[in-house]
Each structure stands twice: as C-alpha cells, then as structure tokens.
*Asks:* 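Would you mind keeping the following structure in view while I ask a few things?
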There are 2 protein chains.
Amino acid sequence: MLNNSQYTEKLRSIGLRPTKQRIKICEVLFNSNKTFHFTINELAKRITKSTNENISLATVYNTVHAFKKKGYLKEIPINSDQSYFDTNTSHHHHFYDETQKDLIDIDDADVEPVKINTRIPGKKIKSVEVLVKVEDEKP
Amino acid sequence: MLNNSQYTEKLRSIGLRPTKQRIKICEVLFNSNKTFHFTINELAKRITKSTNENISLATVYNTVHAFKKKGYLKEIPINSDQSYFDTNTSHHHHFYDETQKDLIDIDDADVEPVKINTRIPGKKIKSVEVLVKVEDEKP
DNA sequence: TTCTACATTATAATAGTTCTAAACTGTTGA
DNA sequence: TCAACAGTTTAGAACTATTATAATGTAGAA
Ligand SMILES: [Mn+2]
Ligand SMILES: [Mn+2]
Ligand SMILES: [Zn+2]
Ligand SMILES: [Zn+2]
C-alpha cells in the first residue's frame, strides 16, 4: 500500500529512474497487501486492465528483469513453458498443483529446515527451495 | 549396459514399437552405468556423434516425451529457457551451479526427509524435490 | 504377403523472449 | 532555466525452443 512518491523513492534507491511506466508496474505488483505469482503475459494483462495507457511488452520484460535483479521479484522454476515470477521475495516454498496448473506458497515455517549433508567444494549455497507437486486425489 | 534386444523388450513392455531410432536413443540414454542430465539439443548432438544416420529432431522430442510419460526419464525444472531431463529416475535432489550452469545430483540419502506441515485438501503429493542453487565462493 | 496402425521426417507454425534502433524523457549542471 | 546526455520506451523484427502437420515409411498381425 504505497503511494507513487514512495515508489519513486524505491526506484531511485536502486538506481532506476522513476518513469511513469515503472511506477504503474510497481502499483500493479506491490500495491496489494497480498503477494502473488504471475507470468509476463498475465502481468501485461493486469496492467492493461488497470490503465488506459498501454505499456509496451518490451518494457514489461525489461522492468520485471530489472526488479528481479534488484531483488524485488523472484523467479520460480516450474517448467520450461514460461517464466513464473513471485512478488513474495521472502524465503518460502511452493506447491505446484499439476491439475489446476496453480502455484501456491508454502510458508517457510511450514517446512522443517532442509538439511543437506553434502557440499560442493568452492561453492556456496544461494538458496534451498522445495517444490511439492500435487494433483487431485483419485476419486 | 543393455543390448539391443533388451531395449526391444523394454520398449515393447511399455507399448512402444522398437524402432531403430528408439533403440538408438535408448543406447545413448541408458547404455552407460552413469546417469546424466541433458537438454534435447545436447541429446540430439550425442546421437549424431555416435551414429552416422541422423534422427529427426521431431523424433527426439517425441521419444523423450514418450519416455518421460512412461517413467524412463524425469524432467527437472531449472529455468524457463529450455527443458532439462534426467536419466536418473530415482528419488533425488539437485544442486544447480549458477556459475557453471551445471546440474548435479544430490543423493536422496544426503537430504534429511523434508517435512511439510501443511496440506492442500483434496490434493495428494506427487513429489517433493529440493533445488539448491550454488555459486562460486567470493575470493 | 498384405494390411493397418503406428512412427518418422522435413518443414511450417507457434509462442515466449530478446534484440534493434529510433523516438522520447528524467536528470544534471552550466 | 534549459541544453545536453544518458537512460528509457517503443513497435516491430529476430531468435529459439517446442509443437503441429501431413506425407512417407515401417513393424507387427493376420
Ligand atoms: Mn514441459
Ligand atoms: Mn530465465
Ligand atoms: Zn511464492
Ligand atoms: Zn538428477
């Protein structure tokens, strides 16, 4: 629930110029108190719906990638059909409902700490994420 | 380390005709005592290298998908650029080395059982997989 | 051997994503 | 204040992994 001048500051703080396109995208992504998952196309549709002006698809891609790089968004690997992004940047996990093709958060507190008893020398861990695939129970 | 007639049986047992293309693909995928990860393009290159005859890319796609559906291969979601497949169909996890863009198995025994303390009503769990992203340690 | 359903193939089509290069804009500092 | 410039947006082209098409070929059954 931020206003435009707060997005302006947010953008400035990470070295991005606060253009009207970026502020619009911030509104769609971060104005809700709920986080959500989206594909680029879904995001583009939301933007078009909540605005009269159109934002070019290239700008949507550019901005999403800039936000991801700055840590405002995460990308969730689900399958190779298209990229899924997440406005929830806290450490958490996912159910993927293969019947509904739907991605659902699992709070980090609902997963016992994952213990990996092996390492790769010279490499440090960036993230540990659990993906739980689910489907409808047999009737 | 199977011979062609064993692949023939393997294919027959899952209702696929043992064509020479499919047997060739079986050889490349399953003749080694090591399992490995691959993309379709890498697989197509391996096939071309180990054969004089060429197998159409469409056949490689068709066969890989048929094998996946029959449980001979797993697909590993890493990113949305392209599909990664795994000849290791046992339950296991992965390191993804973001520096080298390399996928490395983690034996199931090296991961403490992952406990998820939440469920989705009406859905049953198909798989629980851990992806550990790593990168080079800072020097 | 003949028949048929299944399989292969080259190629076209599709779709998500990235690139291009021209037009536009936010910011800086003279 | 405003010219200058780097950063940004844009439409559309290009790119690339994947899937569809439809003609040709083949394995297995009878
Ligand atoms: Mn897929
Ligand atoms: Mn990506
Ligand atoms: Zn999430
Ligand atoms: Zn593996």
Side-chain angles (χ1 to χ4, degrees), chain A residues 4-5 7-28 37-48 51-70 72-73 75-85 101, chain B residues 4-5 7-28 37-48 51-70 72-73 75-85 101:
Chain A
N4 290 8
S5 76
Y7 290 134
T8 297
E9 280 321 300
K10 184 168 172 155
L11 288 165
R12 280 222 178 84
S13 72
I14 55 171
L16 294 176
R17 286 187 183 169
T19 63
K20 71 180 199 302
Q21 290 87 349
R22 283 173 178 159
I23 287 169
K24 186 74 224 167
I25 293 172
C26 279
E27 283 171 18
V28 174
H37 306 111
F38 64 93
T39 65
I40 296 284
N41 266 318
E42 289 165 2
L43 177 58
K45 272 183 209 153
R46 283 191 198 221
I47 292 166
T48 305
T51 306
N52 288 326
E53 308 145 56
N54 226 57
I55 299 182
S56 142
L57 194 56
T59 298
V60 179
Y61 273 98
N62 290 343
T63 303
V64 165
H65 285 139
F67 286 180
K68 182 193 166 189
K69 185 188 286 186
K70 298 298 184 176
Y72 286 6
L73 292 173
E75 191 171 359
I76 310 295
I78 293 299
N79 62 46
S80 52
D81 298 342
Q82 75 211 107
S83 283
Y84 284 75
F85 293 91
K101 309 282 183 222
Chain B
N4 289 8
S5 76
Y7 290 133
T8 297
E9 280 320 301
K10 185 169 171 155
L11 288 165
R12 279 223 179 83
S13 74
I14 56 173
L16 295 177
R17 287 185 183 170
T19 63
K20 69 181 201 302
Q21 291 86 349
R22 284 173 178 161
I23 287 169
K24 185 74 222 168
I25 293 172
C26 279
E27 284 171 17
V28 174
H37 307 111
F38 64 92
T39 64
I40 296 284
N41 266 319
E42 289 164 3
L43 177 59
K45 274 183 206 154
R46 283 189 198 223
I47 291 166
T48 306
T51 308
N52 289 325
E53 309 145 55
N54 226 57
I55 298 182
S56 142
L57 194 57
T59 298
V60 179
Y61 272 98
N62 289 342
T63 303
V64 164
H65 285 140
F67 286 0
K68 181 193 166 189
K69 185 187 288 188
K70 297 298 185 177
Y72 286 6
L73 292 173
E75 190 169 2
I76 311 295
I78 293 299
N79 63 47
S80 53
D81 298 343
Q82 78 213 104
S83 282
Y84 283 75
F85 293 91
K101 310 280 182 225

*Asks:* Please determine if a side-chain N or O atom of A:N62 lies less than 4.0 Å away from the OP1 or OP2 oxygen of D:dT8.
*Replies:*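 No.
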*Asks:* Within this structure, what is the CD1-to-C1' distance between B:I25 and C:dA7, rounded to whole angstrom?
*Replies:*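 These atoms are roughly 12 Å apart.
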*Asks:* Any idea which of C:dC19, D:dG28, C:dT25 is nearest the A:A58 side chain?
*Replies:*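 Of the options given, the side chain of A:A58 lies nearest C:dC19.
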*Asks:* Considering only side-chain heavy atoms of A:S56, which listed nucleotide, C:dT9, D:dA27, D:dT10, is closest?
*Replies:*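 Taking heavy atoms from C-beta onward, the closest nucleotide is D:dT10.
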*Asks:* Is A:T59 close enough to D:dT10 that one of its side-chain N or O atoms is under 4.0 Å from OP1 or OP2 there?
*Replies:*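 Yes.
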*Asks:* Output yes when at least one side-chain N/O atom of A:S83 is less than 4.0 Å from OP1 or OP2 of C:dG16, else no.
*Replies:*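 Checking C:dG16 against A:S83, no side-chain N or O comes under 4.0 Å of OP1 or OP2.
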*Asks:* Does C:dT17 have OP1 or OP2 under 4.0 Å away from a side-chain N or O of A:H65?
*Replies:*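 For C:dT17, OP1/OP2 do not have a side-chain N/O of A:H65 under 4.0 Å.
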*Asks:* Atom NZ of A:K45 to atom P of C:dG16: distance rounded to whole Å?
*Replies:*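 About 9 Å, once rounded to whole Å.
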*Asks:* Nearest 0.5 angstrom please: B:Y84 OH to B:N79 CG, how far?
*Replies:*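 If I round to the nearest 0.5 Å, the distance is 5.5 Å.
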*Asks:* Below 4.0 angstrom from OP1 or OP2 of D:dT26, is there any side-chain N or O of B:Q21?
*Replies:*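 Indeed not, no polar side-chain atom of B:Q21 lies that close.
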*Asks:* Would you check if B:T51 and B:V28 make a side-chain contact, meaning some heavy-atom pair closer than 4.5 Å?
*Replies:*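 With C-beta onward as the side chain, the pair stays apart.
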*Asks:* Counting only side-chain N and O atoms of A:T19, is one of them less than 4.0 Å from OP1 or OP2 of D:dT9?
*Replies:*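 Looking at the OP1 and OP2 atoms of D:dT9, one of them is under 4.0 Å from a side-chain N or O of A:T19.
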*Asks:* Using atom CG of B:N41 as one end and atom P of D:dT19 as the other, report the distance to the nearest whole Å.
*Replies:*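 Rounded to whole Å, this separation is 13 Å.
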*Asks:* Starting the side chain at C-beta, find the nucleotide from D:dA17, C:dT27, D:dG28 nearest to A:R17.
*Replies:*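 The answer is C:dT27.
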*Asks:* Counting C-beta onward and ignoring hydrogens, is there a side-chain heavy-atom pair between A:C26 and A:F67 closer than 4.5 Å?
*Replies:*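 When only atoms from C-beta onward are counted, A:F67 and A:C26 do touch, with a gap below 4.5 Å.
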*Asks:* So, for B:I55 and B:I25, which heavy atoms are closest and what is the spacing to 0.1 Å?
*Replies:*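 Scanning both residues, the minimum pair turns out to be CD1-CG1, 4.1 Å.
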*Asks:* Judged by atom type as modelled, is there a donor-acceptor pair below 3.5 Å linking the side chain of A:R22 to the main-chain atoms of A:T63?
*Replies:*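 It does not hold such a pair.
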*Asks:* What pair of heavy atoms forms the shortest contact from A:E75 to B:S80, and how long is it?
*Replies:*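 Taking A:E75 first and B:S80 second, the nearest heavy atoms are OE2-OG, 3.7 Å.
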*Asks:* Taking only N and O in the side chain of B:Y61, is any of them less than 4.0 Å away from OP1 or OP2 of D:dT18?
*Replies:*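 Result: yes.
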*Asks:* Which nucleotide wins on minimum distance to the side chain of B:Q82, given the candidates C:dG26, D:dA17, C:dT17?
*Replies:*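 It is D:dA17.
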*Asks:* Taking for each residue the nucleotide of DNA chain C bearing the nearest heavy atom, is the 5' side occupied by B:L57 or by B:R22?
*Replies:*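 It is B:R22, whose closest nucleotide lies nearer the 5' terminus.
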*Asks:* Under 4.0 Å between a side-chain nitrogen and a carboxylate oxygen: does that hold for B:K45 and B:E42?
*Replies:*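 Salt bridge between B:K45 and B:E42, a charged N being under 4.0 Å from a carboxylate O: no.
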*Asks:* Measure from the side-chain heavy atoms of A:T63 and tell me the nearest of D:dT9, C:dA7, D:dA27.
*Replies:*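 The closest nucleotide is D:dT9.
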*Asks:* Considering just the side-chain nitrogens and oxygens of A:R12, establish if one lies under 4.0 Å of OP1 or OP2 belonging to C:dT27.
*Replies:*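 Affirmative; the distance criterion is met.
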*Asks:* I'd like to check A:I78 versus B:P77 (side-chain heavy atoms, cut-off strictly below 4.5 Å). Are they in contact?
*Replies:*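 Answer no - side chains too far apart.
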*Asks:* Can you tell me the distance, in whole Å, between the CD1 atom of B:I23 and the C1' atom of C:dA7?
*Replies:*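 In whole Å, C:dA7 C1' and B:I23 CD1 are 13 Å from each other.
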*Asks:* D:dT26 C1' sits how many Å from B:L11 CG, rounded?
*Replies:*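 Result: 15 Å.
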*Asks:* Take the C1' atoms of the five end pairs on each side of the helix from C:dT1-D:dA30 to C:dA30-D:dT1, derive the two axes, and give their angle rounded to 10 degrees.
*Replies:*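 That helix gives 20° between its end axes.
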*Asks:* Distance check needed: D:dG12 C1' versus A:N54 CG, whole Å only.
*Replies:*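 In whole Å, D:dG12 C1' lies 15 Å from A:N54 CG.
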